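Presented below is the structure to which this report refers.
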Amino acid sequence: MLSLIPEFSGSISMLGRIVGWVINLGILIGSVGLGIIIFTIFIKLLTMPFEIYSRISMKKSSLAMEKVKPQLEKLKAQYKNDEQIYRQKSMEIYKKNGFSPFKACLPMLITLPLFFIIFSGFNNYSAWANINNYSEMAQAYNQSIKDLASDKKENTYSAAQVGSTNTWTYTQTQTQGDSNTSLLLIKRIVTVNATNGPKNNDSNGIANFFNNESVNGIKLSTLIDEVDKNWYKSFDNSLIQYKIELVVQPNNISQVAQTNEAVKAAMDKVGNNFTDDTAKANAIIEQVGKDASETKYKEINKKTRFLWVSNIWNSDVSYIHPLSYKALKNAGINISEEAFNKFTDNLSYERDKKPNGFFIIIFLSAGALFISQYFITRQSKTQNELMQGNGKAAKFMKWIPLILIPAMYIYFGFTYSMAYMLYLFLSSTISFISNLIVNSIIEKKFMKKEAIEIKNQYNKRIPTIKKG
């Protein structure tokens, strides 16, 4: 039976809207991928001062630790069996030399909550954007079919008493299309159970009732415009019911095909292997909808494909396809798989076979983070060795940033969208590069300062010989 696709939409939070606003700046001038790049740069501009402060503090701490290393190593050997005393004594040395091991961690009080805020907002927007794309395809399917009916509209009215009660059932039927020239008639039907309407089947009286009266505060004149949105929904309130019917006019196929390119193209695709004209007309109309959905997908995909990934809002994995019913199901969208398959029928390869990605961004992100963490660990090697003591737990702790955090990124890659993983990859790469630059600058300044200190100490030991 010929039918439309139920309308659906996703929910988006305020955080998701903010993320989307920034990403859309890139979408307007290119693609979603460009939007992610702009978003990443925007976030980095916000967090870079805190990151640089943290890197500077960390590097200064590492260089300062080198100075007190002999004292700390002596303590470490002296109290190798007493971690508590070692830490207590080492803290005294830190304090004496004006060194705080926790200073570099202060910016995390800002950047860590921001990470979770972005995580929540970004993934909410990703899910919403993906669902919204499917919704646009479904709407294109529906609208192309509705366009097969002409703009001509005619309303008819009827009424029937409910048993022997004072309640009557009033019906307004709006028929769109021309039975002589249209391939399709659309009947929008509203049924209202009420006690304040005319107690007869007078068409004029019922029309006046629908145009001027209300039921439970709802203006009846507004209901007919709600049919397209509500025909597929079930209502606990039995006072108002919506219905939509598509009535095919098979005798008008040839006439419509002469002036409608979409119908002509659909006729060529469906062929002539049908038992009757009605079945053929149904197939043609559905094909018109499928073609419109495919056109909308290609339009959307120009923005959502990025590098090797077909749909940036899905994960970069081969076992998920660019078009995925699971994405709608997981989001709680109430649409059947049959309906989904109908408006994606022309795109069966993208829906059933084509890999969305090849795991590349997953391992790029994890690799970039591993390299970044490796250099940070090397940078603070002396500091970590002297602060963590001698125990097995201390040796184990140094591997956590190198293994656990990249492993978390791999998990994210299999679970969340390519868009989010692209953001993580770019963010890690920018942080790594900025870290190298900051370290280089600090080392040069520290070496210069150290050279001046050595020179001053040398001058104190060997006084300058005065001439004359």
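Numbering starts at 1 and runs along the sequence shown. Because the structure is a prediction, the values reported are computed rather than measured.
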State whether the side chain of Asn314 and the backbone N or O of Pro322 hold a donor-acceptor pair below 3.5 Å, judged by distance alone. yes
Using ring-ring contact (aromatic ring centres under 6.0 Å, His included) as the criterion, list what pairs up with Tyr349, not counting sequence neighbours. none
Electrostatic pair Lys146-Asp228, nearest N-O below 4.0 angstrom: yes
Taking the side chain as C-beta and beyond, is there a heavy-atom pair between Leu223 and Asn230 under 4.5 Å? no
Is the closest side-chain heavy-atom distance between Ile244 and Ile189 below 4.5 Å? no
Residues Ser221 and Asn211: side-chain donor-acceptor under 3.5 angstrom: no
Is there a donor-acceptor pair closer than 3.5 Å between any side-chain N or O of Thr429 and the backbone N or O of Phe425? yes
Taking the side chain as every heavy atom from C-beta outward, state whether Gln172 and Ile224 have any pair of such atoms under 4.5 Å apart. yes
Whether Ser135 side chain and Ile131 backbone form a donor-acceptor pair below 3.5 Å: no
Can you check whether Trp313 and Tyr125 have ring centres sitting under 6.0 Å from each other? yes
Under a 3.5 Å cutoff, is there a donor and acceptor pairing between the side chains of Asn193 and Thr167? no
Taking only residues two or more places apart in sequence or in another chain, which ones pass ring-ring contact (aromatic ring centres under 6.0 Å, His included) with Phe119? Phe412, Tyr416, Tyr420
Would you say Met137 and Thr344 make side-chain contact, with heavy atoms under 4.5 Å? yes
Determine which pairs satisfy salt bridge (Lys or Arg N to Asp or Glu O under 4.0 Å) with at least one residue from residues 322-345, sequence neighbours left out, and list them in order. Glu286-Lys342, Lys290-Asp345
Return the CG to CG distance between Leu422 and Leu307, rounded to the nearest 0.5 Å. 8.0 Å
Quick one: do Glu245 and Lys243 make a salt bridge, cutoff under 4.0 Å? yes
Asn132 side chain vs Trp128 backbone, donor-acceptor pair below 3.5 Å: no
Taking side chain as C-beta onward, heavy atoms only, is Ile285 less than 4.5 Å from Leu148? yes
Determine whether Lys354 and Asn356 make a side-chain contact, defined as any pair of heavy atoms from C-beta on separated by less than 4.5 Å. no
Charged N to carboxylate O under 4.0 angstrom, Lys296 versus Glu299? yes
Distance only, no hydrogens: is a donor on one side chain within 3.5 Å (strictly under) of an acceptor on the other, for Asn311 and Asn130? yes
In sequence, state the C-alpha distance, the side-chain angles, and the governing distance for Glu350 and Ser310, and then conclude on side-chain contact (heavy atoms from CB on, under 4.5 Å). CA-CA 9 Å; Glu350 288 82 358; Ser310 296; over 6 Å; no
Determine whether Glu213 and Asn196 make a side-chain contact, defined as any pair of heavy atoms from C-beta on separated by less than 4.5 Å. yes
Report, one line per pair, each donor and acceptor closer than 3.5 Å where one atom sits in a side chain of residues 32-45; sequence neighbours left out.
| unit_1 | atom_1 | unit_2 | atom_2 | d |
| --- | --- | --- | --- | --- |
| Thr40 | OG1 | Ile36 | O | 2.8 |
| Lys44 | NZ | Glu51 | OE1 | 3.3 |
| Lys44 | NZ | Glu51 | OE2 | 2.7 |
| Lys44 | NZ | Ser427 | OG | 3.2 |
| Lys44 | NZ | Ser431 | OG | 2.6 |

Can you tell me if Trp168 and Asn200 form a side-chain donor-acceptor pair at under 3.5 Å? no
Measuring from atom OH of Tyr297 to atom CG of Asn346, what distance do you get when rounded to the nearest 0.5 angstrom? 12.5 Å
Under the rule for ring-ring contact (aromatic ring centres under 6.0 Å, His included), what residues qualify as partners of Tyr325, not counting sequence neighbours? Phe340
My understanding is that only residues two or more places apart in sequence, or in another chain, count here; which of them pass ring-ring contact (aromatic ring centres under 6.0 Å, His included) with Tyr157? Phe210
With heavy-atom distances below 4.5 Å as the criterion, would you say the side chains of Ile284 and Val263 are in contact? yes
Side-chain donor/acceptor of Gln249 to backbone N/O of Leu185, under 3.5 Å: no
Would you check if the side chain of Asp276 reaches a backbone N or O of Ala279 as a donor-acceptor pair within less than 3.5 Å? yes
